[in-house]
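The first residue in the sequence is number 1, and the count goes up from there. Here the structure is a predicted model, which means the values were calculated and not measured.
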Amino acid sequence: MKKNKETKYYVAIVLVVALYLIAVYYSSDVSTLSTVLSTVTALIAAVAFWMQLKRTENLDEANFIMSLNEQFIANDQLTRVEQALELYFGQEFEGKDGCLNLILERDHDDCQRLINYLVYMESMAAIVQRDVMHLDVIDDLFAYRFFIAVNNPIVQKNELLPYANYYQGCYKLSKMWTKKWRAE
């Protein structure tokens with residue numbers, strides 16, 4: 001797709017140059033031709049500059065996304081929670097005690113791991129809500145990770161509902177993602 005846009009840009013440049021050459025061939029006023037040439041050159045340079053800025057922006061965005069994903073997968077605590085959530089995804093599981101009740105140890109550290117996981121998702125919500133990044137950009141990497149947490153009945157019962165004020169970003173992000181998917 002990007003090559004297609006670049007091809008259109010190059011075709012447009014060739015057409016402008018061709019039109020200029022035709023104008024030069026049929027015109028005898030050199031000052032008018034110089035003005036036209038300067039204007040066309042400035043416009044081509046402006047478009048090329050804009051395209052380069054767009055490429056740089058896209059590359060920065062890609063690096064940012066890769067960094068977010070790398071931070072997530074490099075964090076053993078977050079991946080441990082994700083594994084536990086995946087294990088019980090879609091199942092009605094009633095644990096006995098503790099905050100998470102999904103990880104084998106069922107201790108206070110598990111509760112903190114879950115909180116860290118949810119806070120990471122809160123940061124995703126902040127990034128989207130402040131238009132730093134669009135939902136479509138993080139969709140493939142984080143939607144699944146997000147929904148296995150917020151749709152887990154134990155996470156809801158032990159963390160999201162009792163501490164709803166602390167997880168407003170998660171609620172908003174859930175609403176945005178659901179609305180997006182319904183629209184598709």
Ile73 reachable from Met66 in the ILVMFWY side-chain graph, under 4.5 Å edges: no
Report yes if some heavy atom in the side chain of Arg145 is under 4.5 Å from a heavy atom in the side chain of Tyr120; otherwise report no. no
Contact summary for Gln168 and Ala164, nearest pair of heavy atoms: NE2-O, 3.0 Å
Treating Ser67 as the side-chain partner and Asn63 as the backbone partner, does any N or O pair qualify as donor plus acceptor under 3.5 Å? no
List for me each residue that meets salt bridge (charged side-chain N to carboxylate O under 4.0 Å, His left out) alongside Glu57, sequence neighbours excluded, and say none if there are none. Lys54
Compare all side-chain heavy atoms of Tyr117 with those of Arg80 and state whether any distance is below 4.5 angstrom. no
Using the ring-ring contact (aromatic ring centres under 6.0 Å, His included) rule, take Tyr166 and Tyr171 through it: C-alpha gap first, then chi angles, then the decisive distance, then the call. CA-CA 10 Å; Tyr166 297 113; Tyr171 284 99; over 10 Å; no
First locate atom CG of Leu160, then atom CG of Leu114, and finally report the distance between them rounded to the nearest 0.5 Å. 7.5 Å
Smallest separation among heavy atoms of Asn75 and Gln77, with atom names: OD1-N, 2.9 Å
State, yes or no, whether a side-chain contact exists between Phe142 and Leu68 at a heavy-atom distance under 4.5 Å. yes
Would you say the side chain of Tyr167 lies within less than 4.5 Å of the side chain of Met121, judging by non-hydrogen atoms? no
Report yes if some heavy atom in the side chain of Ile138 is under 4.5 Å from a heavy atom in the side chain of Val128; otherwise report no. yes
Is it true that a side-chain atom of Gln156 and a backbone atom of Leu161 form a donor plus acceptor pair closer than 3.5 Å? no
Can you find a heavy atom in the side chain of Phe147 that is under 4.5 Å from one in the side chain of Thr178? yes
Spatial distance of atom CD1 (Ile148) from atom CD (Glu82) [nearest 0.5 Å]: 5.0 Å
Indicate yes or no for a side-chain donor-acceptor contact from Glu122 to the backbone of Gly169 under 3.5 Å, with no hydrogens or angles considered. yes
Sorted by chain and residue number, the side chain to side chain contact (heavy atoms under 4.5 Å, CB included) partners of Ile65 (sequence neighbours excluded) come out as Glu61, Met133, Val137, Leu141
Full working for side-chain hydrogen bond (donor to acceptor under 3.5 Å, both in side chains) between Gln112 and Asn116: CA-CA 6 Å; Gln112 188 58 53; Asn116 292 346; 2.9 Å; yes
Are more than 12 heavy atoms, taken from residues, nucleotides or ligands other than Met176, located less than 6.0 Å from that residue's CE atom? yes
Side chains of Leu85 and Val155: closer than 4.5 Å at any heavy-atom pair? yes
Just verifying a value: how many Å separate Arg113 CZ and Thr79 OG1, rounded to the nearest 0.5 Å? 10.0 Å
Mark yes or no for whether Ser174, through its side chain, and Cys170, through its backbone, hold a donor-acceptor pair below 3.5 Å. no
With a 4.5 Å cut-off on side-chain heavy atoms, are Leu135 and Trp181 touching? no
Would you mind listing every salt bridge (charged side-chain N to carboxylate O under 4.0 Å, His left out) that reaches into residues 168-180, with sequence neighbours excluded? Asp136-Lys180, Asp139-Lys180, Lys180-Glu184
Rounded to the nearest 0.5 Å, how far apart are CH2 of Trp50 and CZ of Arg55? 10.5 Å
Let me confirm one number: the OG1-CG distance from Thr56 to Leu59, rounded to the nearest 0.5 Å. 7.0 Å
